[in-house]
Amino acid sequence: MAALALGMAVATAALSVSLDVGDRLAQEFRSLGANLLVTPEADSLPLEIGGVDYRPANAGAYLPEADLGKLKTIFWRFNIMAFAPILDVPVEVSRAAGDKNPSEPVQLVGTWVNHEVKIPDGTTYVTGVEKTNPWWQLKSGRWFTEKTRTSGGPKVDSEVLVGEKLARRWGATTGQTLYVLPKPLSSVIIPVKIVGILSSGGPEDDAIIAPLGFAQDLAAEPGMYRRLYVSALTKPEDAFARKDPKTMTPAEFDTWYCTPYISAIALQISQELRGTDVRVIRRVAEGEGNVLTRVRTLLWLVTFAALLAAALAVGASAAASVIERRTEIGLMKALGAGSGLVGVLLAAEQLLLAFVGGGVGYCIGIVLARLLGEKVFGFAPEPKLFVLLLILGLAALITLLGSAFPLRRASRYEPAPILRGE
């Protein structure tokens, strides 16, 4: 019973964590940022070299901002954690209103921060680049606030962020005012106020980050964007997920479509946002899948090792018990008990110990699961009734398998040699 309790405790802990670790790690992986990129289908044809897509992201067609609410209407709408549109605009910047010599050309990146999106069902959803690009960190200051835009061009000033490298090069600080000269409207000078310094570790460190509406006014493209980052909660891809949907049977396609694979969600997004090309950011998606697969494999190996150790301990204990009871078994057979009755009595005793040991092991395992979950994965898995039933079933199975040979040997004992002391 003690051997079973220890084995079932480890199995309970590993199974409880394994069942919850996938969803938990998937949610944690969303802190890595977007795993889907949406661009206009009318852009240039894909040009991939070594798995890297070299299509230009700052030239070509545009997509309507008004359609973004449809993202929360797809089959897996609740798995869409966040999304943020991006519009890049080349500009020149001066640090004084009358400066005749503007600085070198820079990129102004328009996007959302805590933007409220209207969903077709009448509800609203708040999203933004903070959730899709969590590596965008403020070194100082705060995020910009979006102001009401006016039609007919950039008539009002705006709050902006300046990339860390650009701010260092210019000596820019929060509270400073810059003057933006959009290249298409070079005669118009728009004052903008720096409210924060951004560090991204990417090209945004040399750019100006502004509200999407402001960038749309500068580009004379109201209500449009160039690319969209989407962060979706997905299931790690397996061999079935990598099959071409066009080659699937209707039943296979329904199963694939109704499973939150990254490819299935990408297809659903492309169906809702017409004229788009939805690409999986493979480095993020495959990294998530590899980590989840390895963690689950490790937990299953630990479970298997615990069950094997329990089976060996049960077998040794059952063998010792049978040897100690040789005289009792011989006496029972001498009084008329058959081999089947002897085997059933011994198996019933072993099963009783299995259920008691399995129940004790489950209770210990729940405590171990909470400790393991909190210390390693940062969460405490909740007890589940079907895990208790599974552990009791495993305890019974392990007991029967481990004691099968000793019980078979006991059922074949001959009473006469035993009673004679041979």
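Any value given below was found using the heavy atoms of this structure, including those in side chains, with hydrogens, waters and symmetry copies removed.
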Can you find a pair of side-chain heavy atoms, one from [X] and one from [Y], that are under 4.5 Å apart?
X: Arg279; Y: Arg227; result: no
X: Leu218; Y: Leu87; result: no
X: Ile209; Y: Val160; result: no
X: Leu307; Y: Met8; result: yes
X: Leu401; Y: Thr399; result: no
X: Pro85; Y: Tyr229; result: no
X: Ile391; Y: Leu15; result: yes
X: Val360; Y: Cys363; result: no

What's the separation between atom [atom1] in [X] and atom [atom2] in [Y], rounded to the nearest 0.5 Å?
X: Glu204; Y: Thr111; atom1: CD; atom2: OG1; result: 9.5 Å
X: Ile208; Y: Ile194; atom1: CD1; atom2: CD1; result: 7.5 Å
X: Thr127; Y: Leu68; atom1: OG1; atom2: CG; result: 9.5 Å
X: Leu267; Y: Tyr257; atom1: CG; atom2: OH; result: 6.0 Å
X: Ile269; Y: Trp76; atom1: CD1; atom2: CH2; result: 13.5 Å

Problem set entry | Heavy-atom neighbours of Phe240 CZ exceed 12 at 6.0 Å | yes
Exercise. Do other residues, nucleotides or ligands put more than 12 heavy atoms under 6.0 Å from Lys139 NZ?
Worked result: no
Is the backbone of [Y] close enough, under 3.5 Å, to the side chain of [X] for a donor and an acceptor to pair up by distance?
X: Glu92; Y: Pro105; value: no
X: Lys72; Y: Asp121; value: no
X: Asp205; Y: Gly201; value: yes
X: Asn133; Y: Trp135; value: no
X: Arg77; Y: Ile74; value: yes
X: Asn35; Y: Ala232; value: yes
X: Thr259; Y: Tyr261; value: no

Exercise. How are the rings of Phe253 and Trp256 set relative to one another: parallel (under 30°), tilted (30 to 60°) or perpendicular (over 60°)?
Worked result: tilted
Exercise. Angle class for the Tyr125/Phe83 ring planes (parallel below 30°, perpendicular above 60°, tilted otherwise)?
Worked result: parallel
Exercise. Quick one: do Arg169 and Asp206 make a salt bridge, cutoff under 4.0 Å?
Worked result: yes
Problem set entry | Carboxylate-amine/guanidinium proximity below 4.0 Å for Arg226 and Glu221 | no
Is there a donor in the side chain of [X] and an acceptor in the side chain of [Y], or the other way round, less than 3.5 Å apart?
X: Ser199; Y: Gln137; value: no
X: Glu130; Y: Trp143; value: yes
X: Gln216; Y: Glu65; value: yes

Problem set entry | From Leu233, Asn79, Leu36, residue fulfilling side-chain contact (heavy atoms from CB on, under 4.5 Å) relative to Ile262 | Leu36
